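Ligands are counted one by one from 1 in listed order, and the atoms in each one are counted from 1 as well. Since this is a predicted model, take the numbers as computed values, not measurements.
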Amino acid sequence: MAAVIDKLTSLQVMLDASVIPVIVLNDVAHAVPMARALVAGGIRMLEITLRTKVALDCMRAIVAEVPEAIVGAGTIRSASDAKAAKAAGARFGVSPGYTSAVGLACRELDLPLLPGVATGSEIMLAMEDGYTELKFFPAMQAGGPNLLKAWSGPFADIKFCPTGGVSLENAPQLLALSNVVVVGGSWLTPGDAMARGDWALITQLAREAAALPR
Ligand code: 3PG
């Protein structure tokens, strides 16, 4: 039985499991069975991306019906995205890039954020605003493990969640790095599996991801 977390921090979001699933939902009816399937496989920190019209409704449905899940919002690009996500019940946020407006809005909302970065300057901007747990996006496209190794020198105090092009196959080499505590990826929730209601497959993918060592 997973521990209940009252006051969530960005670090707790990262440490809960080896993988944060990045989820794109096109149908509200998929939200609850999808969340139950991931939880059954041992993954409860769920990043629901704000990329579809139904994303906020999906968050509300999961919050209401799957209390074991911890719902977060991905693709936060503005302060108003952060406000809408928080109002829908999101307990953490993930952004594909970083602006101080987003960082400060999340702080005001008390919404733990994993800000997205892809360069040293973006890391420094996020650090200036007090963020030290960051998403590295798009990880494999922007330099993958080699870039993370390079950052471990000047940014040894920063922890990363590489996301973008990550898979069950390449996750172990990322998770083995000193500055990586978790990876993110969409491979746990394939759109075609959700469309045909193959929740058993999603549980299986979650189980494999949850078993990744770090
Ligand atoms: C994200 O938004 O973080 C990415 O779309 C996830 O990337 P992936 O689909 O390559 O896992």
Could you tell me, atom by atom, which parts of ligand 1 come under 4.0 Å of a heavy atom of [X]?
X: G164; value: 7 (O), 10 (O)
X: G165; value: 8 (P), 10 (O)
X: V22; value: 1 (C), 2 (O), 3 (O)
X: G185; value: 11 (O)

Report task. Look at atom 8 (P) of ligand 1 and say which protein heavy atom is nearest, naming residue and atom and giving the distance to 0.1 Å. Result -> S186 OG, 3.4 Å
Could you see which bit of [X] sits under 4.0 Å from ligand 1, with heavy atoms only: side chain, backbone, both or neither?
X: W187; result: neither
X: Q141; result: neither
X: M140; result: neither

Report summary line: All heavy atoms of D27 vs all of C58, minimum pair found to be O-SG, 4.1 Å
Requested in this report: List the atom of M45, the atom of F92, and the distance in Å for their closest heavy-atom pair.
Outcome: SD-CE2, 3.8 Å
Please check whether [X] reaches ligand 1 - meaning an N/O of the residue sits under 3.5 Å from an N/O of the ligand, judged on distance alone.
X: V166; answer: no
X: T163; answer: no
X: E47; answer: no

Query raised in the report: Is a donor on one side and an acceptor on the other found under 3.5 Å between the side chain of T203 and the backbone of G41?
Result: no
**Report entry** Backbone N/O of P213 and side chain of S18: donor-acceptor pair under 3.5 Å
**Finding:** no
Requested in this report: Tell me, please: is G184 in heavy-atom contact with ligand 1, that is, under 4.0 Å?
Outcome: no
Query - Electrostatic pair D110:K7 at N-O distance under 4.0 angstrom - result: yes
**Report entry** Over 12 non-hydrogen atoms of neighbours within 6.0 angstrom of CZ in R36
**Finding:** yes
